[in-house]
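Comments concern the structure below.
Here the structure is a predicted model, which means the values were calculated and not measured. Atom set for the values below is all heavy atoms of this structure, side chains included, hydrogens, waters and symmetry mates excluded.
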Amino acid sequence: MSVADLLHLAGSPRLPADLRCADENPALAWQTLLEREGGAGFARVAGDFSVAVRLIDGRIFFAVDRFAIRPLCYRGETTTVAVSPRADELAGADATIRLQSLFEYLYFHVIPSPATIFETVLRLPPAHYGVFENGRLSVAPYWVPAFSESAAPSFPRLREEFLDLLAQATSRQLRDGKAACFLSGGTDSSTVAGMIGKVRGQPAASYSIGFEAEGYDEMAFARIAAGRFNTEHHEYYVTPDDLVRSIPAVASFYDQPFGNSSALPAFYCARMAQADGVTRILAGDGGDELFGGNTRYAKQRVFDAYRHLPAALRRGLMEPLFGSAIAAAIPGVKKASSYVQQARIPMPDRAQLGNLLSSLGLTTVLGADLLAAVDVEAPVRQQRAVWQAATTGSEVNRALAYDWRYTLAECDLPKVCGTTAMAGLAVGFPMLDDELLAFSLRLPAEYKLKGLRLRWFFKEALRGFLPDEIIVKKKQGFGLPFGVWATRHPPLRQLASSSLQSLAERGVLRHAFVNDLFARYLAEHPGYYGEMIWIAMMLEQWLQVHRPDFSVSAR
C-alpha cells in the first residue's frame, strides 16, 4: 500500500485517538485523516504543529496549529507548492522586497500573515490550511473562535476543572531533563513555575531578566514567586552594552523583520538557561489573552459603555456638546470631549488611535516613494475582518480572539520561539493547551473581565496558590528601557542613529524625521519615541544582512 509523503512536520501534534496508527506510522495517520475529512480534519488535531503532506493522489495539504506556534511559509509554483518554516529559505537571494510589507511592519511592528517581507512568499495565518490540487492552490481556515458561554456557571466547579486542566497542560509540555521556565514575576509565568513543581514533585528551574532602569525592573516579583515555589532561580541583568552586541545578531536571525523589543531580554534569558544545561523551557504566554488580563480590555469597556446610553442622550446632548473640535480645545472639557470622540469610533479602529505610525503622521515619517507605492488602508481592512471573524456576542470575547491573532500569533509567540531557537532551546506554552482554550471559550465573559477587574476568574481560582503580591500587581513583562538607555549610552545611540540614517538613505524614512527624532523627540519622551526608533533600527539591521542593496527607488 502506498503511503502519504510527509514533506514537513514540526511541533508536537496530537492526532485523533481513532487513528490508531499515529504513533507507529505518522504519515499513514495523516493520510487517513485527510482522505476521510480533507482540510476540515485539521480541526481535530491538538497540540502545536506545522505539517505538509502529499497524499498518494497527488494532493498536498499543509497547515499550522490554532496559534501558529510552529509557523509555515509557502510559495505556489506551476506544478507544486513549496513550504518551509522560514520565509527567507523559500525566497532565494533574488526575491523582491514587498513594499507593502515594509509599511505594514512599521504599522504593526511585525509583518502579519499571510504576507511576508518577500513578494513571492506567503505565511499561513493561525488555524489555516492550504491545499494544492489540480494545479490550483487555495487557503482557508479550518477553525475560527466560537464562544459558547456557560448559562449557569458554578465558580467552585469551574475552579476545580481549571486547576486540573492547568496541571495537565503543564505536564503535557514537560520532557525529560531539567524542568525550566521563564519567570517574569507576572501571573502567567508564576503559575507555570508553580505548576511545574506540582506535577513534577520537584521545583522548577526559573530564569529571570532584570534592568537597572526605574519603572522597568520587576525582579522583586520574580523573587517572590521563586521563593513561594522554591525554584532553582537564576537572574541576569541586561545592560546597554548587551544590546549593542546583540541587536544585529537577533535582528538578522529572524526570517523577516521583527520589531518586538522584548526579543532581546527573552534571548538573554533563554541563553542563560541553555548555558545551564536546559534543553526545553516553558513560557507563560497566552493567559492574558485567553482569560482577560490586558489593561486595554478594561479601557475599551469604558468606551463601549457609551453606545449603551440612550440614543437621544448621545445624539441630542453629548455629541453636540462634546463631539466638536471646539470642545476639544476648551480647558476642563477636553477630557469629556476626547472620551466622546473616541467612543464614537467602533472597534477595532478605536484600538489603533494610538498607533505610532499614524500618530506621528505618514507624510512626516515615510519616504515619498514608499508612501506612494502602498495601500495605507490595508491594515485597517485586515483588522476589521479578523475582528468580525469570531462567533460571539461579547465585545470582551471578540477582543480576546482578535488578540489571539495579533498579540499572540503574530508577535509574542514568534518572539519567544525565535529567541529560544537562537539560543538552542525548545519551548512549550502550557497556557495555550487546546483543552484550556476550549475551557476559555465557554467561560462567561464576566468571569474574564468582571466590571473593570481583569482576569477575575483566573486570579480568584489561583488565590492561595499564587502569592497575593503577584495576584494584585500590575502587568509589566519583559519591557525594554531602550529609549531611556539610548539617551544615556553613546554606543547604543550611535547604533540606532546610524541605522535610521541608513534606512532614510534607502527611501523608507524621511531624513528630516530621523534628524528630529534624535535632535529633539527622543530626549523629550524616551519611551514613546524610543519604540519608533527601535522598530526602524531592527528593520535596517535585518536589511543589512538579508538585502544590503535594497532601496525603494531601485526596486
Side-chain angles (χ1 to χ4, degrees), residues 14 16-17 43-44 46 66-67 127 141 143-172 187-188 190-192 194-195 198-199 284 286-310 347 387-405 407-408 429-466 468 470-472 475:
R14 300 196 306 277
R44 295 210 296 136
R66 287 167 173 79
F67 296 102
W143 177 86
V144 294
F147 294 83
S148 181
E149 301 179 31
S150 301
S154 163
F155 175 83
R157 186 169 64 249
L158 287 171
R159 178 182 183 273
E160 181 179 357
E161 180 183 2
F162 173 65
L163 294 177
D164 185 52
L165 289 175
L166 267 178
Q168 291 180 41
T170 305
S171 180
R172 270 192 284 269
T187 312
D188 293 327
S190 300
T191 299
V192 172
M195 282 291 163
K198 180 178 179 179
V199 302
D288 282 326
E289 290 74 25
L290 265 65
F291 296 100
N294 289 315
T295 54
R296 58 184 172 270
Y297 304 145
K299 178 182 178 181
Q300 297 305 335
R301 171 165 281 184
V302 171
F303 286 117
D304 288 338
Y306 177 78
R307 65 188 180 89
H308 295 294
L309 295 174
M347 287 290 286
W387 180 262
Q388 292 298 330
T391 302
T392 179
S394 161
E395 290 294 283
V396 171
N397 283 335
R398 197 170 294 281
L400 297 180
Y402 176 87
D403 275 353
W404 297 349
R405 173 69 176 270
T407 301
L408 288 177
F429 301 94
M431 294 291 179
L432 298 179
D433 185 85
D434 292 85
E435 292 189 21
L436 273 176
L437 171 62
F439 178 86
S440 76
L441 288 169
R442 56 186 170 83
L443 192 68
E446 283 300 312
Y447 273 34
K448 298 166 184 174
L449 181 62
K450 197 173 188 68
L452 298 179
R453 295 171 62 189
L454 299 169
R455 62 192 308 172
W456 174 82
F457 171 81
F458 190 101
K459 291 180 177 180
E460 291 302 314
L462 288 165
R463 193 173 294 279
F465 180 77
L466 291 178
D468 289 344
I470 288 173
I471 287 179
V472 301
K475 179 177 172 59

Do you know the tightest heavy-atom contact between Pro145 and Trp404? CB-CZ3, 3.7 Å

Are the side chains of Leu400 and Thr392 in contact, using a 4.5 Å heavy-atom criterion? no

Is it the case that more than 12 heavy atoms not belonging to Glu160 sit under 6.0 Å from its CD atom? no

Enter the distance from Ile470:CD1 to Lys459:NZ here, rounded to the nearest 0.5 Å. 11.5 Å

Looking at Arg296 and Glu395, is there a salt bridge between them, counting it only when a charged N and a carboxylate O are closer than 4.0 Å? no

Are the ring centres of Tyr447 and Phe162 closer than 6.0 Å? no

Give the C-alpha distance, both sets of side-chain angles, the deciding distance and a yes or no for side chain to side chain contact (heavy atoms under 4.5 Å, CB included) between Leu462 and Leu166. CA-CA 11 Å; Leu462 288 165; Leu166 267 178; 4.1 Å; yes

Are side-chain heavy atoms of Asp188 and Phe458 found at a separation under 4.5 Å? yes

Calculate, to the nearest 0.5 Å, the distance between atoms CG and CG belonging to Leu436 and Leu165 respectively. 5.5 Å

Residues Ala298 and Leu452: closest non-hydrogen pair is O-CD2, 3.6 Å

Of all the heavy-atom pairs spanning Ala146 and Leu441, show the shortest one and how long it is. O-CD2, 3.8 Å

Look at the rings of Phe457 and Phe155 and say which category their plane angle falls in: under 30° parallel, 30 to 60° tilted, over 60° perpendicular. perpendicular

CG/Leu163 to CD/Gln168 distance, rounded to the nearest 0.5 angstrom? 11.5 Å

May I have all residue pairs that pass side-chain hydrogen bond (donor to acceptor under 3.5 Å, both in side chains) and include part of residues 148-159, sequence neighbours excluded? Glu149-Asn397

Provide the closest heavy-atom pair for Ala401 versus Ala390 in the form atom of the first, atom of the second, distance. CB-CB, 3.7 Å

Heavy atoms only: give me the nearest Gly451-Glu446 pair and the separation to one decimal. N-OE1, 3.7 Å

Given side chains that start at C-beta, do those of Leu432 and Glu289 come closer than 4.5 Å, heavy atoms only? no

Mind checking the CG-OG1 spacing from Leu466 to Thr191? Nearest 0.5 Å is all I need. 4.0 Å

Could you walk me through whether Thr187 and Arg455 satisfy the side chain to side chain contact (heavy atoms under 4.5 Å, CB included) test, starting with their C-alpha distance in whole Å, then the side-chain angles of each, then the deciding distance to 0.1 Å, before giving a yes or no? CA-CA 10 Å; Thr187 312; Arg455 62 192 308 172; 4.2 Å; yes

Expected output: side-chain Trp387 to main-chain Tyr402 donor-acceptor under 3.5 Å: no

Intermediate values then yes/no, side chain to side chain contact (heavy atoms under 4.5 Å, CB included), Arg442 and Leu158: CA-CA 10 Å; Arg442 56 186 170 83; Leu158 287 171; 4.1 Å; yes

Would you say that Gln300 contacts Met347 through its side chain, given a criterion of any heavy-atom pair below 4.5 Å between the two side chains? yes

Of all heavy-atom pairs between Ala167 and Val199, which one has the smallest distance, and what is that distance? O-CG1, 3.5 Å

Rounded to the nearest 0.5 Å, what's the gap from CG on Asp468 to CZ on Arg463? Could you check? 6.0 Å

Would you confirm whether Arg66, through its side chain, and Ala43, through its main-chain N or O, come within 3.5 Å as a donor-acceptor pair? yes

Arg172 vs Arg14, side chain to side chain contact (heavy atoms under 4.5 Å, CB included): CA-CA, chis, key distance, verdict: CA-CA 11 Å; Arg172 270 192 284 269; Arg14 300 196 306 277; 3.7 Å; yes

Spacing of Leu454 atom CG and Arg301 atom CZ [to the nearest 0.5 Å]: 10.0 Å

Check: Asp433 side chain, Glu435 main-chain N or O, donor-acceptor pair, under 3.5 Å: yes

Can you tell if the side chain of Glu460 reaches within under 4.5 Å of the side chain of Lys450, non-hydrogen atoms only? no

Has Lys448 got a side-chain atom pairing as donor or acceptor with Ser440's backbone, closer than 3.5 angstrom? yes

Contacts of type ring pair (Phe, Tyr, Trp, His ring centres under 6.0 Å), residue Tyr297, not counting sequence neighbours: none

